Amino acid sequence: SHENTRKRLSLFHEIFIVALSFAYFSKTLCGTYMKSTITQIERRFDLSSSVVGLIDGSFEMGNLLFLAVVSHFGARLHRPRLIGMGCFIMAIGSAVTGLPHFFMGRYKYDTVIQGSLNKTVSISPCQYPMVSKDYSNAHIQPSNNIGTDCVKDPGSNMWIYVFLGNALRGIGETPVTPLGISYIDDFAKAENSAFYISCLQTIMLLGPMFGFLLGSLCAKLYVDIGFVSVDSVTITPQDARWVGAWWLGFFVSSAILVLAGVPFWFLPRSLPKQGEEGNENSNVDQDKKEQSVLPNTHSVKLADIAKGFLPSLKKLLCTPAYFLLLCGIVLKFNSFIGLLTFKAKYMEQQFGQSASRANFLIGVLILPVVAVGIFLGGLLMKRYKLSVVAGAQLSFITSFTAFLLLLLHFGTKCDNVPVAGLTVSYNGTPEISHDEGSLMSQCNQDCSCSTSEWDPVCSDSGITYVSPCWAGCTASTGQGKNTVFHNCSCVLTPSPVEGSRSVSPGQCHRGPGCTRSFTSYMAVSVLSSFINSLGTTPGYMIIIRCITPELKSLALGIQTLVMRTLGGIPAPVYFGALIDSTCLKWGIRSCGGRGACRMYDSNMYRVIFLSLTTCLSGCSYFFIIAVIVLLRKQFRKEEIKALQQTDSKQNETELQSPEMCHPDASNTDTSPREKTESANTEC
């Protein structure tokens, strides 16, 4: 019956919305988990920030290969099944990303501290720096054997598999957004479309929230958990050498992606428009007829579609509002990707937070308010039926307000950690040095220390030393994390008491002033994120409403393609390269090459990182203002044209029906207003 058919189609609508929401949740969970493990991957594979940025950009490279083709041809094919296939490919890519962990051997780091021994043995770092002893822990690695382990190290080039797995995940993500959004917009009413998309984007933000929380959990766990004793690990999560269980989350997200892809294989190829369910039977008959002749005409149809691609692309790019908006989005996306990729690392280096805590705060504080903001933005569009111009203005106002708030970050800072030979001299005078020779001083010139060492220790004076050797220590007591080094000739003391010249493992903690600065930083970040998210849905709807229906899928695909090509791929690389330029102490690989950075100049890091993000965002507003001016001019012309047509029709009616020429006729005629409102709903 007609009622049963209507209920069945309504059920399909709901199933697709729920399935696509879960697919969005799954793909964003995996994507943001990748962002949360940037620091862990950098340290585990001994890479620079620019190389890690290249690995992160491989996702966009995978998208670039197939996005335009899938967006154009996919709109004519079975869209739900293509989305389901994409989820399965993403699951495979996520699993491939985590596989290198099982082929790399145990993680090794430089330290003179003994892990687990039956008795306490005194260590003399100054006389015998980083001496290789027969410890029972395979993860402790002396650093004076540079060049002997490079060939047999199985993890030297394993990062390539992380690169390929991330690229494969990008290929799988290709059909989800353009085909899913166009599928919704095809069956949803115009007033419901914005609401559905805002719900999608809100639920999608639960993915990043859980992705960062998963990243926080895995960062707490030691990389070789289950294979080595936790008591034998002599470093803490705050240490620059710490590597968490980065691989674990990729297998969790892979399982979730498999589940997300299942429902799409049971959905129909197309659905009738809401409110037109009565024509469903004829639509089904037509689909069956098309499918019956599909084997004979499939190649012809693809050829016809291919012929129409270039004209469609030309028509799309010749739409001024779309082109200008695309330019603004590219600049804004560059800023967003750079900020998202290295925000957790910025919190680590600027405010001394661990990777676990940084990811936790992003997932618990920032992303929930962004989800609420996006939902409220869609609700505003639905409640007040905002036109394209009004939506563009709302998007600009909220984004620019958030931009002004972010400028406050320039004044929210923590000073560099005092590290002898890097940020302060050995007598405590502040000075920044990139020269490894500055580690040498009269107090440690008799020690045989290596410039490749990074085994930081903290003195009671608050100064950190690169290693016990560079601190001039000649004795130690205790074992493991409780080791204390004594008789350190470089340690500044108020009095020449021998017992006060001691250091303990790890960097010195930052003062209470840094904690207050970090609280202010998080408060501004949360507020600006909420205000900026209010304009997300109105800004997104501009593209959908300004393009003819047959070009919607292509427009969304080209937008994503350009964003990935000019933003997603280069942004992490050049952000990472600029971050690398602020490094003060590089780690050294076993074969002698430059590894991961151990310490940055936090002041220079802050200035470069914030200047780049604000500059990109600021330049994007010139294009957005141009789009608003163009849309207002275009709508004014269409409004005048609609009023003129209404007046001419009214004059014809008055001539044909003289009795309607009543003094109050102008008060009862509402057609001009209706025409104007209808004109404001289309571009």
Side-chain angles (χ1 to χ4, degrees), residues 5 7-31 59 62-63 65-95 168-188 192-193 195-208 210-211 252-274 277 280 283-284 287-288 290-291 294 298 305 544 552-554 556-557 560:
T5 300
K7 289 182 179 179
R8 184 167 62 88
L9 291 173
S10 178
L11 181 62
F12 278 139
H13 292 160
E14 294 171 359
I15 290 175
F16 184 81
I17 293 293
V18 172
L20 189 63
S21 298
F22 188 59
Y24 267 52
F25 169 85
S26 304
K27 77 182 184 71
T28 52
L29 182 147
C30 187
F59 174 86
N63 254 258
L65 292 176
F66 294 96
L67 188 58
V69 176
V70 170
S71 298
H72 187 67
F73 291 100
R76 278 82 169 175
L77 303 175
H78 200 301
R79 287 178 286 184
R81 289 184 181 175
L82 283 177
I83 295 174
M85 187 182 301
C87 290
F88 292 152
I89 295 175
M90 283 192 288
I92 296 173
S94 182
L168 187 61
R169 189 172 59 83
I171 294 173
E173 197 264 353
T174 303
V176 178
T177 298
L179 300 188
I181 296 296
S182 63
Y183 194 85
I184 288 177
D185 206 56
D186 283 346
F187 73 71
N192 292 334
S193 181
F195 181 69
Y196 286 151
I197 292 175
S198 67
C199 289
L200 271 178
Q201 292 180 325
T202 303
I203 295 173
M204 178 180 69
L205 277 177
L206 293 177
F210 282 93
V252 174
S253 57
S254 178
I256 296 175
L257 284 165
V258 170
L259 295 177
V262 173
F264 293 102
W265 294 90
F266 302 98
L267 289 168
R269 178 173 179 172
S270 61
L271 291 171
K273 198 82 170 177
Q274 287 178 339
E277 287 87 352
E280 190 267 340
N283 291 337
V284 172
D287 287 344
K288 289 182 178 179
E290 290 178 357
Q291 291 175 4
L294 186 62
H298 185 65
I305 294 172
I544 295 179
K552 275 188 300 187
S553 182
L554 180 62
L556 292 170
T560 310

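FYI, the numbering just counts along the sequence from 1. Computation of the quantities below employed the complete heavy-atom set of this structure, encompassing side-chain atoms and omitting hydrogens, waters and symmetry-equivalent molecules. None of these values were measured; they are calculated from a predicted model.
A 6.0 Å sphere centred on OH of Tyr24 holds more than 12 heavy atoms belonging to other residues, nucleotides or ligands.
The list of salt bridge (charged side-chain N to carboxylate O under 4.0 Å, His left out) pairs with a residue in residues 17-29, not counting sequence neighbours, reads Lys27-Glu173.
Taking each heavy atom of Pro208 and Thr28 in turn, the nearest pair found is CD-OG1, 3.3 Å. Ile83 and Pro175 get closest at one heavy-atom pair: CG1-O, 3.8 Å. When all heavy atoms of Cys87 and Gly261 are compared, the closest pair comes out as CB-CA, 3.5 Å. Contact record, Arg169 with Gly31: NH1-CA, 3.4 Å, taken as the closest heavy-atom pair. Between Ser26 and Ile256, the closest heavy-atom pair is OG-CG2, 3.3 Å. Closest heavy-atom contact between Val258 and Val262: O-CG2, 3.5 Å.
Using a 4.5 Å cut-off on side-chain heavy atoms (C-beta onward), Leu20 and Val176 make contact.
No donor-acceptor pair closer than 3.5 Å links the side chain of Ser94 to the backbone N or O of Met90.
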Working note: Phe59 + Asn63, criterion side-chain contact (heavy atoms from CB on, under 4.5 Å); need CA distance, chi angles, decisive distance, verdict. CA-CA 7 Å; Phe59 174 86; Asn63 254 258; 3.8 Å; yes

Derivation of the side-chain contact (heavy atoms from CB on, under 4.5 Å) call for Ile89 and Leu257 | CA-CA 9 Å; Ile89 295 175; Leu257 284 165; over 6 Å; no

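Every residue meeting the side-chain contact (heavy atoms from CB on, under 4.5 Å) condition with Leu267, not counting sequence neighbours, appears here in chain and number order: Phe12, Ile15, Phe16, Pro80, Phe264.
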